[in-house]
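Just below is one structure, and these are the notes that go with it.
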Amino acid sequence: MTTEPQRLQYLEAMGLTAWVARYRLPNARPTEACEWTLPERAAPAPPAERLHALLDEAEAAPRQAPPASTAGESARPRPPRRARQLLGIEPEGEAPETDSAPVSAKTANADAASPETSPETTPTMPRQAQEPLRFTLHLACLAGRWLVFVPQPSAPNAAQGELLSNALKAAGIDVPEPLVFETFRWPPMENLPVEAPLEEAREGLAAFVEGTQRRGWSPERVLIFGRDETLDRLLDLSHGEGRIESLGLPGWQGPGLDELVQSAEAKRSLWPTLLAWRRAWSAKDAEADD
């Protein structure tokens, strides 16, 4: 008759996993209990005995033939000095071991370890961390088509927003509600390593504008009201109107909203631009109708 331990051994030999119920179901037959004879584990040797065994192995290790210029005793491998002191093999006051290798051998090893420097083997030094560029930008979108950038510390106030809405209506751009501006600050986090401040800030702004497409925006043009030295370096738009290569969009840059609110001359200078905006906006609408 096969016992339960034998059955489990047969299953294990065949590569089958034996499952034992964790809980007993109502009216179920109880699982047969079996006792396993576990092998006795040998008691680990004390740390001192294991250390003595390691020292004995080091002493019994085959000794290499010493060079002609060195003594046999100095070439023999010895256990670590601190271990010998702990075991009482070497007194505390013993002079520290010295390296008896000839100076010429040391020099040769040093020369071998440091090859001649050449243009091919010279290690490249990591680029030095620099301070990031800093700027604050408020942006909105006209009907999901034209981006409006306002580079100033605070968001446009009520007077600036009303002037912007009136200017856009004069250009034939319908703005049923006041524009809602979002704030973009660079750098996004402090104490981050920066190696190329201009390139990293330019890529960050481009990634932010590209991410707006997930909200249904399809930027066609950028209108920038105001100037910021850092932002001017990023966009590289020095002639009022041109193309922003980093964003891949045409752009226009003019007076700031605060200047337009206070200066009548700035308002008059904006009229020719409004006519150009009307033609560009209407032309796109005509293409969409076709």
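The structure displayed is predicted, hence computed values, not measured ones. Sequence positions, counted from 1, serve as the residue numbers for this chain.
Between the side chain of Gln130 and the main chain of Glu195, a donor-acceptor pair closer than 3.5 Å is present. Proximity of a side-chain donor or acceptor of Ser282 to a complementary backbone N or O of Arg279 within less than 3.5 Å is not detected. Panel note: side chain His138, backbone Ser154; a donor-acceptor pair is recorded below 3.5 Å.
Contact annotation: the side chain of Thr212 approaches that of Pro219 to within less than 4.5 Å [non-hydrogen atoms, C-beta and beyond]. With a 4.5 Å cut-off on side-chain heavy atoms, Phe135 and Leu234 count as touching. Residues Leu205 and Leu231 have side chains in contact (heavy-atom distance under 4.5 Å, counting atoms from C-beta outward). Under the 4.5 Å side-chain criterion, counting only non-hydrogen atoms from C-beta, Leu137 is not in contact with Val150. Side-chain contact between Leu235 and Ile224 is present, with heavy atoms from C-beta onward closer than 4.5 Å. Contact annotation: the side chain of Ser165 never approaches that of Leu168 to less than 4.5 Å [non-hydrogen atoms, C-beta and beyond]. Counting heavy atoms from C-beta on, the side chains of Phe208 and Leu139 come closer than 4.5 Å.
Leu198 and Leu133 make their closest contact through CA-CD1, 3.7 Å (heavy atoms, listed as atom of the first residue, atom of the second, distance). Looking at every heavy atom in both residues, Leu247 comes nearest to Ala206 through CD2-CA, 3.7 Å. In terms of heavy atoms, Trp186 sits closest to Ala201 at NE1-CB, 3.4 Å. Of all heavy-atom pairs between Gln253 and Gly226, the closest is NE2-O, 3.1 Å. Pairing each heavy atom of Ala170 with each of Leu274, the nearest pair is CB-CD1, 4.1 Å.
Remark: Arg214 CZ is loosely packed, at most 12 non-hydrogen atoms of other residues, nucleotides or ligands lying under 6.0 Å away. Crowding of Gln213 atom CD: a count of heavy atoms from other residues, nucleotides or ligands under 6.0 Å exceeding 12.
Trp281 CH2 to Arg221 CZ: the interatomic distance, rounded to the nearest 0.5 Å, is 10.5 Å. Atoms CG and CD, from Leu260 and Glu265 in turn, are 11.5 Å apart once rounded to the nearest 0.5 Å. A distance of 13.5 Å separates OG1 of Thr273 from CZ of Arg278, quoted to the nearest 0.5 Å. To the nearest 0.5 angstrom, Gln160 atom CD is 9.5 Å from Leu164 atom CG. To the nearest 0.5 Å, the span separating SG on Cys141 from CD on Glu182 amounts to 9.5 Å. Ser218 contributes atom OG, which lies 10.0 Å from atom CZ of Arg145 (distance to the nearest 0.5 angstrom).
Ring pair Trp252/Phe225: centre-to-centre distance below 6.0 Å.
Trp277 and Trp146 have perpendicular rings, their planes meeting at more than 60° on a 0 to 90° scale where under 30° would count as parallel.
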Derivation and outcome, side-chain contact (heavy atoms from CB on, under 4.5 Å), residues Phe181 and Val148: CA-CA 9 Å; Phe181 285 87; Val148 179; 4.2 Å; yes

Candidate pair Val194 and Glu131, rule side-chain contact (heavy atoms from CB on, under 4.5 Å), full reasoning: CA-CA 6 Å; Val194 178; Glu131 284 293 326; over 6 Å; no

side-chain contact (heavy atoms from CB on, under 4.5 Å) between Leu147 and Leu223, worked out: CA-CA 6 Å; Leu147 296 176; Leu223 308 180; over 6 Å; no

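One finds no salt bridge joining Glu199 and Arg202 here, because no Lys/Arg side-chain nitrogen approaches an Asp/Glu carboxylate oxygen to under 4.0 Å. Residues Glu190 and Arg134 are paired through a salt bridge, judged by an N-O separation under 4.0 Å between the basic side chain and the carboxylate. Ion pair Glu259/Lys267 not flagged as a salt bridge, since none of the NZ, NE, NH1 or NH2 atoms sits closer than 4.0 Å to an Asp/Glu carboxylate oxygen. A salt bridge links Asp232 and Arg227; the closest N-O separation between the charged side-chain nitrogens and carboxylate oxygens is under 4.0 Å.
Of the N and O atoms on the side chains of Asp228 and Gln152, not one donor lies less than 3.5 Å from an acceptor on the other residue.
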